[in-house]
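Inspection log for the structure reproduced underneath, given as C-alpha cells.
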Amino acid sequence: SEIYGDPAVTPQPETYWGNVNPIGERSCYDEGKRAGETFANDMRRTRGADVRIARIFNTYGPWMDPDDGRVVSNFICQALRHEPLTIYGQGEQTRSFCFVDDLVDGLFRLLWHGEPVPFPVNLGNPDERTIASLVAALSELFDRDLPVVYKPLPADDPVRRRPDIARARTLLAWEPAVPLHQGLARTIEWFRERISASPS
Ligand code: UDP
C-alpha cells in the first residue's frame with residue numbers, strides 16, 4: 001500500500017495512482033515499491049512473465065520482530081513491559097490492520113489464481129482505525145488503562161490508509177475473517193511468551 005503514499009482518495013482502489021513525495025525521508029520506501037511494480041509489470045508486458053502484484057496493507061500477528069518498529073508490535077511489547085505506549089503525533093492518523101493468516105490466505109489465492117492477473121490487487125482489512133483507537137482496543141484486552149507518551153510524527157507519515165478490496169472480493173473470493181480484537185488477542189499471547197515484564 002506504500003505505493004499510494006499519503007492518499008488523497010479514500011478508500012484506495014487499485015486504479016488510484018497515489019500521492020507520493022519523491023524526495024522526502026520516506027521516499028525510498030514509497031518509490032522502491034513503485035519501481036518494483038514497474039519492473040514486474042514490464043517483465044509481464046515485454047517477456048510474458050506471469051507476474052502477480054499484491055498491494056499489501058498493514059499486517060500484524062505472531063512472528064513480528066519486536067524491534068521492527070511497527071505500531072502493533074511496539075504497543076504490545078510496551079504494554080507487556082509496563083512502558084508507556086509511544087503515539088507518534090496526536091494518534092489521529094488511521095491504518096487498517098489485517099491479521100497475518102488472512103493476508104497469507106489472500107496471497108495464496110492471488111498466487112494460484114488460474115488466469116493471468118495483469119493488474120495489482122489490494123490485500124488488506126478495510127476496518128480502518130485511528131492509532132488512538134488501537135490504544136483503546138489494547139487497553140480493553142490488557143484490562144487496564146495503558147499510559148501513553150506523545151512523540152513527533154515522522155516526516156510524510158500517511159494520514160489515512162484503507163484498502164478498497166472490491167477487486168480481491170470479486171477475483172479471489174477473498175476477504176479478511178479475523179476481527180481486530182481476536183487478532184490482537186492472539187498476537188498478545190504470542191508476544192507474552194517471549195517478552196519479560198521487566199523494562200528493557
Ligand atoms: N506509530 C505510532 N507509534 C509507534 C509506531 C508507529 O504512533 O510506536 C504510528 C506511525 O506514525 C504510523 C502508524 O502508527 O502513523 C503505523 O505505523 P507502522 O510503522 O506500523 O506502519 P506504516 O506507517 O508503514 O503504515
Side-chain angles (χ1 to χ4, degrees), residues 1-22 24 26-45 49-64 68-73 92-131 133-134 137 154 156-184 186-187:
S1 65
E2 206 57 36
I3 74 105
Y4 297 118
D6 188 11
V9 167
T10 200
Q12 294 88 55
E14 292 87 346
T15 47
Y16 177 51
W17 290 353
N19 178 34
V20 173
N21 172 4
R26 197 178 173 108
S27 305
C28 59
Y29 189 13
D30 299 8
E31 300 291 13
K33 299 276 189 189
R34 293 171 71 92
E37 287 199 4
T38 305
F39 295 144
N41 204 51
D42 282 354
M43 288 301 285
R44 183 189 60 75
R45 191 167 40 224
D50 184 8
V51 164
R52 312 281 156 109
I53 298 177
R55 290 186 177 158
I56 300 172
F57 284 67
N58 296 68
T59 307
Y60 72 97
W63 297 98
M64 292 182 90
D68 84 351
R70 313 317 291 249
V71 67
V72 172
S73 46
E92 286 160 4
Q93 70 272 37
T94 70
R95 293 294 186 275
S96 304
F97 299 103
C98 187
F99 190 66
V100 62
D101 291 11
D102 283 332
L103 194 276
V104 171
D105 177 43
L107 282 176
F108 274 108
R109 284 174 192 243
L110 178 58
L111 186 64
W112 298 118
H113 187 67
E115 302 293 318
V117 188
F119 38 69
V121 178
N122 285 342
L123 293 177
N125 194 325
D127 180 10
E128 181 181 11
R129 307 284 180 126
T130 62
I131 298 306
S133 77
L134 179 63
D156 294 330
D157 197 83
V159 176
R160 300 189 69 175
R161 279 282 173 78
R162 179 184 176 198
D164 179 331
I165 60 165
R167 186 174 277 177
R169 278 198 178 105
T170 309
L171 187 75
L172 311 174
W174 175 83
E175 66 183 332
V178 181
L180 184 69
H181 262 67
Q182 196 186 107
L184 287 176
R186 287 166 66 179
T187 310

Distance, nearest 0.5 Å, that separates CG of D30 from CG of N21: 8.0 Å
Closest approach of D6 and V159, non-hydrogen atoms and distance? OD1-N, 2.9 Å
Sequence neighbours left out, what passes side chain to side chain donor-acceptor pair (under 3.5 Å) with D157? Give chain and number order. R95
Salt bridge (Lys or Arg N to Asp or Glu O under 4.0 Å) with R45: which residues, sequence neighbours excluded? D42
With sequence neighbours left out, write down each residue that passes side chain to side chain donor-acceptor pair (under 3.5 Å) with D164, or none if nothing qualifies. none
Looking only at non-hydrogen atoms, find the nearest pair between I165 and P176 and report the distance. CD1-CD, 3.8 Å
Going by the salt bridge (Lys or Arg N to Asp or Glu O under 4.0 Å) test, which pairs reach into residues 114-123, not counting sequence neighbours? none
Donor-acceptor pair, distance only, cut-off 3.5 Å: does the side chain of D102 make one with the backbone of V178? yes
Mind checking the CG-NE2 spacing from L171 to H113? Nearest 0.5 Å is all I need. 4.0 Å
More than 12 heavy atoms of other residues, nucleotides or ligands under 6.0 Å from CZ of F108: yes or no? no
Got a sec, which residues hit salt bridge (Lys or Arg N to Asp or Glu O under 4.0 Å) with D127, two or more places apart in sequence or on another chain? R129
Return the set of residues passing salt bridge (Lys or Arg N to Asp or Glu O under 4.0 Å) with D50 (not counting sequence neighbours), or none when no residue passes. R52
Residues that R44 engages under salt bridge (Lys or Arg N to Asp or Glu O under 4.0 Å), provided they are two or more places apart: none
Going by the rule side chain to side chain donor-acceptor pair (under 3.5 Å), which residues pair with Q93 if we only count those two or more places apart in sequence or in a different chain? none
Specify the closest pair of heavy atoms between P62 and V100, including all atoms of both residues, with the distance to one decimal. CD-CG1, 4.3 Å
Donor-acceptor list for residues 7-15 side chains, cut-off 3.5 Å, not counting sequence neighbours:
unit_1: T10; atom_1: OG1; unit_2: Q12; atom_2: NE2; d: 3.4
unit_1: Q12; atom_1: OE1; unit_2: R162; atom_2: N; d: 2.9
unit_1: Q12; atom_1: NE2; unit_2: V9; atom_2: O; d: 3.0
unit_1: E14; atom_1: OE2; unit_2: N122; atom_2: N; d: 2.7

Got a second to check how far L172's CG is from W112's CH2, nearest 0.5 Å? 14.0 Å
Are side-chain heavy atoms of S96 and P163 found at a separation under 4.5 Å? yes
My understanding is that only residues two or more places apart in sequence, or in another chain, count here; which of them pass ring pair (Phe, Tyr, Trp, His ring centres under 6.0 Å) with F99? Y60
Do the non-hydrogen side-chain atoms of S27 and V20 ever get within less than 4.5 Å of each other? no
If every non-hydrogen atom of R34 is compared with every non-hydrogen atom of G18, which pair is closest and at what distance? NH1-CA, 4.3 Å
When rounded to the nearest 0.5 angstrom, what distance separates CG in L184 from CG in L134? 6.0 Å
Chi angles and distances behind the side chain to side chain contact (heavy atoms under 4.5 Å, CB included) call for L123, W174: CA-CA 9 Å; L123 293 177; W174 175 83; 3.8 Å; yes
Please list, chain by chain and in numerical order, all residues satisfying side-chain contact (heavy atoms from CB on, under 4.5 Å) with E37, sequence neighbours excluded. I3, I53, R55, P120
I need the Y4 OH to N19 CG distance, nearest 0.5 Å. 13.0 Å
What closest approach, in Å, do A54 and L107 show between heavy atoms, and which atom pair accounts for it? CB-CD2, 3.7 Å
Option from R169, R109, R167 for which salt bridge (Lys or Arg N to Asp or Glu O under 4.0 Å) with E175 holds: R169
Is a side-chain N or O of S73 found less than 3.5 angstrom from the main chain of V71, in a donor-acceptor match? no
I'd like to check the side-chain contact (heavy atoms from CB on, under 4.5 Å) partners of T94; sequence neighbours left out, ordered by chain and number. E128, T130, R160
